[in-house]
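The figures that follow rest on heavy atoms only: side chains count, while hydrogens, waters and symmetry mates do not. Note that the structure is a prediction, hence the values are computed from the model and not measured.
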Amino acid sequence: MSDRPLGGLATGVALVVLATLTGVAAQRMAGGDPVTAAATTTVAATGHTTTVAVMVEDMRFHPQRIAVPAGDRLVIELTNHDRRRHDLVLATGAKTGPIGAGRSARLDAGVIGGTLEGWCSLPGHRQAGMTLTVTTDGPSAAPAATGDAPVPAATTTVDTMADPGPGFRARDAAAPAVPPGRLHEVTLHVRQVELEIAPGVRQTMWTYDGMVPGPTLRGRVGDTFVVTLINDGTVDHGVDFHAGALAPDGPMRPIEPGQRLTYRFTATKAGIWMYHCSTMPMLLHLGNGMYGAVIIDPPGLARADREYVLVQSELYRGGDLAAMRADHPDAMAFNGYAAQYTHHPLTARAGERVRIWVLDAGPNRDTSFHVVGAQFDTVYAEGRYQLRPAEPGGAQVLPLGPAGGGFVETVLPEAGHYPFVSHVMADADRGARGMIEVTGP
């Protein structure tokens, strides 16, 4: 048996942000042992082996197309020059297992008799462009299968009108107090956990500290935050704090399971800021729950009698990135659970000043926050006051795009039940709604 080296690595790279889900779970780190696959089709073996060097860099295989003489056995020598783990899975079932940065693996693809597709199976990487095609440069049999096994359609209907049951506890929406001191040291653990996101609907989510959204942080202009991020998950993750301004190269880099990094920033501007996973494809990580809020109080912020935080987001059953890309959420939520505050209302007393911080975590959809029966006398959006109590006008909504944030204030005049919604009414129907229960003074 002789070897036929096939040389040449393709040049050029591309960075892809949006992607669709591959549906193949990430695997444990593997070494460089060969993996043997059966022949792709019935074709007469030539007795020759074609060996191809393939490089991984910037979410691409180089080269992306390999031509092999029909009947040759193909061996792929895969080297990962990217900063993240990747693997190579072929439609025949042959696979390398995840390969860390700077590592290599050898994949025996078997005798090639037709077109054969390959891809990286880590979440989102395939549709981000990490694909590879093997073809023959001579007579061949019919092409082999090229796709993943279809992902079963979700069968659970999201009924946002259903009662979550007597054991349900709503997320505490009370805004945290400003902590003492000017240095705030925070540890965030990335955890993959199963959560209920709507009545009777449970799914695995990627989270900060086991909750969606992650914990709300708070401080003042000039405060410094030192965040230790620890990845207790199963794939690489990172974090991006919009409340800080600094080069993203180091602190926002993805880290592998078991790793940690330190992210230090000083808050120089006021507002409610988003933080979220910075790992590509970000749409997948955001759509699976990796986001939270940082409140940096405007200087001289007056006291309110009640202060709440509502983070609006979309919910996608099964982490379906195709649905994320199509902007087809299965449900909407404030603070991670569809319509939870219709069953467990926020509370206030008549005549109290209520401040509600709102962050639109997206990842795709706008919000238009409205409290039925109330008028806002204070509106603060994206770092500036748009309305203050001394002014004669009032406001009915706080409109925000994805990653936008602000707060509104109102004095609810009498006892009763005051619904709050996104006035994007399709999203209110999907679960972007709740209730404020007001008792007498």
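- Counting heavy atoms of neighbouring residues, nucleotides and ligands inside a 6.0 Å radius, atom CZ of Arg83 does not exceed 12 of them.
- Side chains of Arg306 and Ile436 form no contact here, defined as non-hydrogen atoms less than 4.5 Å apart.
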* Asked: Can you check side chain to side chain contact (heavy atoms under 4.5 Å, CB included) on Met290 and Val190, steps first, answer last?
  -> CA-CA 9 Å; Met290 300 201 71; Val190 174; 3.9 Å; yes
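- Checking side-chain atoms of Glu314 against main-chain N and O of Gly287 turns up no donor-acceptor pair under 3.5 Å.
- Shown are Tyr291, Phe241, Tyr275; of these, the ring-ring contact (aromatic ring centres under 6.0 Å, His included) with Tyr208 is made only by Tyr275.
- By the side-chain contact (heavy atoms from CB on, under 4.5 Å) test, Pro402 pairs with Asp360, Asp366, sequence neighbours left out.
- One distance of note links CG of Leu78 with CG of Leu88; it measures 6.0 Å at 0.5 Å rounding.
- Counting only N and O atoms by type, the side chains of Arg433 and Thr160 include a donor and acceptor under 3.5 Å apart.
- Asp249 places no side-chain N or O within 3.5 Å of a backbone atom of Arg253 that could act as its donor or acceptor partner.
- Using bins of under 30°, 30° to 60° and over 60° for the plane-to-plane angle, the ring pair Phe265/Phe225 lands in the parallel bin.
- Summarising the local packing, CZ of Arg202 is surrounded by more than 12 heavy atoms from other residues, nucleotides or ligands at distances under 6.0 Å.
- Using a distance-only test at 3.5 Å, with no hydrogens or angles considered, no donor-acceptor pair links the side chain of Asp223 to the main chain of Leu183.
- Annotation for Thr410 and Ala374: closest pair OG1-CB, 3.7 Å, computed over non-hydrogen atoms.
- Using a 3.5 Å distance cut-off with no hydrogens or angles, the side chains of Ser121 and Asp87 do pair a donor with an acceptor.
- The closest side-chain heavy-atom distance from Leu107 to Leu90 is below 4.5 Å.
- Nearest heavy atoms, Leu195 versus Val212: CD1-CG2, 3.9 Å.
- Atom CG of Asp377 and atom CZ of Arg388 lie 11.5 Å apart (nearest 0.5 Å).
- The environment of CZ in Arg191 is crowded: more than 12 heavy-atom neighbours from other residues, nucleotides or ligands sit within 6.0 Å.
- A 4.5 Å side-chain heavy-atom check between Thr378 and Leu387 finds every atom pair outside the cut-off.
- Between Pro257 and Arg85 there is a side-chain heavy-atom pair separated by less than 4.5 Å.
- The number of heavy atoms from other shown groups lying within 6.0 Å of CD (Gln396) does not exceed 12.
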* Please test Arg73 against Thr49 for side chain to side chain contact (heavy atoms under 4.5 Å, CB included), starting from the C-alpha separation and ending with a verdict. => CA-CA 5 Å; Arg73 177 174 295 277; Thr49 296; 4.0 Å; yes
* Asked: Stepwise, does the side chain to side chain donor-acceptor pair (under 3.5 Å) test hold for Asn80 with His86?
  -> CA-CA 7 Å; Asn80 184 7; His86 297 289; 4.7 Å; no
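- Closest of all the heavy-atom pairs between Ile76 and Ile66 is CD1-CD1, 4.4 Å.
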* To do: Might you work through the side chain to side chain contact (heavy atoms under 4.5 Å, CB included) test for Phe168 and Glu196, ending with a clear yes or no?
  => CA-CA 10 Å; Phe168 175 74; Glu196 186 172 81; 4.2 Å; yes
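- The backbone N or O of Leu283 lies less than 3.5 Å from no partner atom in the side chain of Arg325, so there is not a single donor-acceptor pair.
- With hydrogens and angles disregarded, no donor-acceptor distance shorter than 3.5 Å links the side chain of Asp72 to the backbone of Leu74.
- Gln203 contributes a side-chain N or O that, together with a main-chain N or O of Tyr316, makes up a donor-acceptor pair within less than 3.5 Å.
- Pro419 places none of its side-chain heavy atoms less than 4.5 Å from the side chain of Thr342.
- With hydrogens and angles disregarded, a donor-acceptor distance shorter than 3.5 Å links the side chain of Asp82 to the backbone of Met59.
- Here the closest heavy-atom approach between residue Arg106 and residue Glu77 is recorded as NH1-OE2, 2.7 Å.
- Partners of Phe376 under the ring pair (Phe, Tyr, Trp, His ring centres under 6.0 Å) rule, at least two apart in sequence or in another chain, do not exist in this structure.
- Two residues are said to be in side-chain contact when any heavy atoms from C-beta on lie closer than 4.5 Å; Met324 and Leu286 fail this criterion.
- By the 4.5 Å heavy-atom criterion applied to side chains, Met332 and Val421 are not counted as neighbours.
- With hydrogens and angles ignored, the 3.5 Å screen pairs a side-chain donor or acceptor of Asp172 with a backbone N or O of Ala174.
- A donor-acceptor pair is defined here as one N or O able to donate and one able to accept, closer than 3.5 Å; no such pair exists between the side chain of Asp240 and the backbone of His276.
- Using the six-membered ring where Trp is involved, His285 and His237 have ring planes that are perpendicular, over 60° apart on the 30 and 60° scheme.
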* Please lay out, stage by stage, how Met280 and Arg84 fare under the test side chain to side chain contact (heavy atoms under 4.5 Å, CB included). => CA-CA 10 Å; Met280 302 299 181; Arg84 306 171 59 188; 3.5 Å; yes
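- A donor-acceptor contact closer than 3.5 angstrom links the side chains of Ser104 and Thr79.
- Although no hydrogens or angles enter the test, the distance criterion places no donor-acceptor pair under 3.5 Å between the side chain of Tyr341 and the main chain of Ala170.
- Of all heavy-atom pairs between Pro251 and Tyr263, the closest is O-CD1, 3.4 Å.
- Between Phe407 and Tyr385, the angle of the ring planes goes over 60°, which puts this pair in the perpendicular group of the 30/60° scheme.
- Each of Thr133, Thr92, Thr131 was checked for a side-chain hydrogen bond (donor to acceptor under 3.5 Å, both in side chains) with Glu117, and the lone residue meeting it is Thr133.
- The two residues Val226 and Thr262 have their closest heavy-atom pair at CG1-CG2, 3.7 Å.
- The only member of Val178, Thr216, Leu359 that meets side-chain contact (heavy atoms from CB on, under 4.5 Å) when paired with Ile295 is Thr216.
- Using a 4.5 Å cut-off on side-chain heavy atoms (C-beta onward), Ile272 and Tyr380 make no contact.
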